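Reviewing the structure listed below.
Keep in mind that this is a model prediction, so the values were computed, not measured. Reminder, nothing fancy here: chain letters follow the sequence lines and each chain counts from 1.
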Amino acid sequence: MVRLHTVGVSRTNQDGKSAQILHEISFSALQGEITVIVGPSGSGKSTLLRLLNRLEEPSEGSILLNGVDIRELDPLAVRRRVAMVLQKPFMFEGTVLFNVQQPFRYRAVPAPDGGSREIARALDLVGLPTKLLQRDARTLSGGEQQRVSLARALISSPQVLLLDEPTSALDRPSSDRFALILRDICRLERLAVLLVTHDLRLAGQCADLLIYLEGGKIIEEGKGAELLSRPCSEAFRRFLAEPKEGEE
Amino acid sequence: MENQRVVPMELLQLVYAYVLILLAVALARFRSIGQEKQLLWASFRMVTQLIVVGYLLQLLFAVRSPALVLLMLLAMTGFSLQIAGSRSKVRMPHFYRVMGSSIVVGCGGVTFYFCLLVVGYSPWFDPRYLIPLAGMIIGNAMNGASLAAERLSSEMHDRREEIETAICLGANPRQASESALRAAYCASLIPTMNSMAATGIVALPGMMTGQILSGTEPVTAVRYQIAIICAITGAVAITSFLILLQGYRTYFTDACQLKGR
């Protein structure tokens with residue numbers, strides 16, 4: 001379980017002024033559940049995600065992973081337990097196999113038999129055929145690259161999975177397929193999934209807990225589909241009514 | 001071959017030589033290229049620096065003090081740092097600390113190894129050997145070091161996505177920067193490798209030419225040249241390696257986070 005307790009982030013701008021990016025964020029993401037964070041651009045969604053695997057540090061508050069403050073843990077160990085898939089999937093130069101094996105190369109102790117069992121399991125989870133393993137990863141479609149990057153994140157059997165706008169480059173059928181895969185992975189692997197997205201359709205398909213973030217503050221939170229159909233705050237209603245990028 | 005006396009270079013002969021620079025200035029003015037002032041300033045700087053260093057070397061050769069020789073080497077290192085810093089467009093964090101320590105260890109180590117073990121003159125601080133050899137080593141290593149530092153900066157910037165992806169997958173800073181380090185190291189060695197390939201075919205190196213002009217047997221001059229090229233290659237490689245080894249760390253925090261989002 002991941003628990004955030006009054007987390008705040010402030011940054012100093014180039015003009016020397018301090019800007020508050022996140023204010024007193026508190027919530028818990030549970031194993032086997034998907035927490036979806038939505039909000040307008042610049043609301044601090046991506047920063048929030050980056051705090052969770054220590055790509056950035058909070059200025060105040062604490063983030064607990066199974067009850068332990070992540071700042072007390074080795075950052076590399078945190079990142080092996082809290083996997084993150086970035087918005088634009090980066091493929092290392094080489095085959096799909098090379099890409100999926102990459103986390104093994106970063107470990108001090110290499111996986112026995114090159115991790116073939118874990119690779120087969122991860123590919124199965126994300127629905128990629130093993131015949132793709134020898135393909136040049138950079139020649140895959142956007143959807144396939146997104147699934148390779150998801151498989152790569154799952155290789156280390158993490159406890160928490162962080163996803164930053166994972167469907168931003170996908171068409172609607174690919175995005176729907178991604179939502180199904182994600183729900184299955186979350187249930188099967190008992191993962192705590194935190195998903196940041198602009199895509200309200202994806203949010204509705206996935207969210208067990210939905211959080212609406214605006215101006216670095218949690219404006220509203222509640223059960224996914226329920227909150228989307230009956231928002232309480234005026235800000236969230238306005239956000240839901242705005243036309244979103246890529247919407248027809 | 002009998003050693004011939006060097007043709008002395010009188011002031012009038014130098015004036016004749018300087019006419020060639022004036023010719024370059026005139027050409028720039030005639031074609032409205034607009035580099036006359038820079039050309040004149042650069043030539044003035046070159047003449048002044050060489051005159052000053054000429055007198056300084058004469059003084060050092062006469063005094064033969066190890067402290068003064070070491071001071072001179074330190075000054076050369078300082079100037080090389082200042083030139084490298086002013087040339088580089090994008091500077092890595094802690095530029096002077098990283099470059100300075102790498103040049104001192106890399107060039108210093110190679111210079112003393114070369115002077116004491118390869119050339120093997122005595123006493124160790126003999127300025128006639130130590131200063132020109134150190135100058136060649138530091139000058140060349142400075143170019144390699146600048147290239148390594150500048151390329152590392154641009155690679156760390158351009159490969160940000162790749163580096164963050166690796167970090168997210170549990171890589172440590174060295175593993176995450178591997179491609180950037182490899183590219184920067186190769187870039188730092190390219191000029192040295194190119195000059196090795198061209199030596200003797202396209203150009204006769206300055207040290208060898210100088211020795212031949214001053215009456216040294218060509219075979220001896222060639223041997224010196226081979227040895228100094230080996231020393232330069234070693235110094236460039238070691239200095240660049242040390243810069244990269246220290247340099248990539250400056251882009252990360254203690255918690256292995258990439259700085260400067």
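R249(B) pairs by the salt bridge (charged side-chain N to carboxylate O under 4.0 Å, His left out) definition with nothing, not counting sequence neighbours. R80(A) is linked by a side-chain hydrogen bond (donor to acceptor under 3.5 Å, both in side chains) to nothing, counting only residues two or more places apart in sequence or in another chain.
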_Would R138(A) and D136(A) count as a salt bridge (Lys or Arg N to Asp or Glu O under 4.0 Å) here? Give the steps._
CA-CA 6 Å; R138(A) 292 185 175 175; D136(A) 181 344; 5.9 Å; no
*Test side-chain hydrogen bond (donor to acceptor under 3.5 Å, both in side chains) applied to S101(B) and Q246(B), step by step*: CA-CA 10 Å; S101(B) 57; Q246(B) 298 182 80; 3.1 Å; yes
*Passes side-chain hydrogen bond (donor to acceptor under 3.5 Å, both in side chains), S179(B) versus E162(B)? Steps please.*
CA-CA 9 Å; S179(B) 310; E162(B) 175 182 348; 2.9 Å; yes
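Looking at D124(A), its side chain never comes within 3.5 Å of a backbone N or O of A120(A) through a donor-acceptor pair. With hydrogens and angles ignored, the 3.5 Å screen pairs a side-chain donor or acceptor of R105(A) with a backbone N or O of F98(A). In this structure, K217(A) contributes its side chain and E24(A) its backbone to no donor-acceptor pair below 3.5 Å.
Shown here is H5(A), whose NE2 atom has no more than 12 heavy atoms of other residues, nucleotides or ligands within 6.0 Å.
Residue E93(A) does not touch chain B at all, counting heavy-atom pairs closer than 4.5 Å. Contacts between L55(A) and chain B at a heavy-atom distance below 4.5 Å involve backbone atoms as well as side-chain atoms.
Residues of residues 165-177 of chain B having a heavy atom under 4.5 Å from any heavy atom of chain A, listed by number: T165(B), A166(B), I167(B), C168(B), L169(B), G170(B), A171(B), N172(B), Q175(B). Within residues 148-167 of chain A, the residues having any heavy atom closer than 4.5 Å to a heavy atom of chain B are R152(A), A153(A), listed by residue number.
Between E178(B) and R159(B), none of the side-chain N atoms (NZ, or NE/NH1/NH2) sits under 4.0 Å from a carboxylate O, so this pair counts as no salt bridge.
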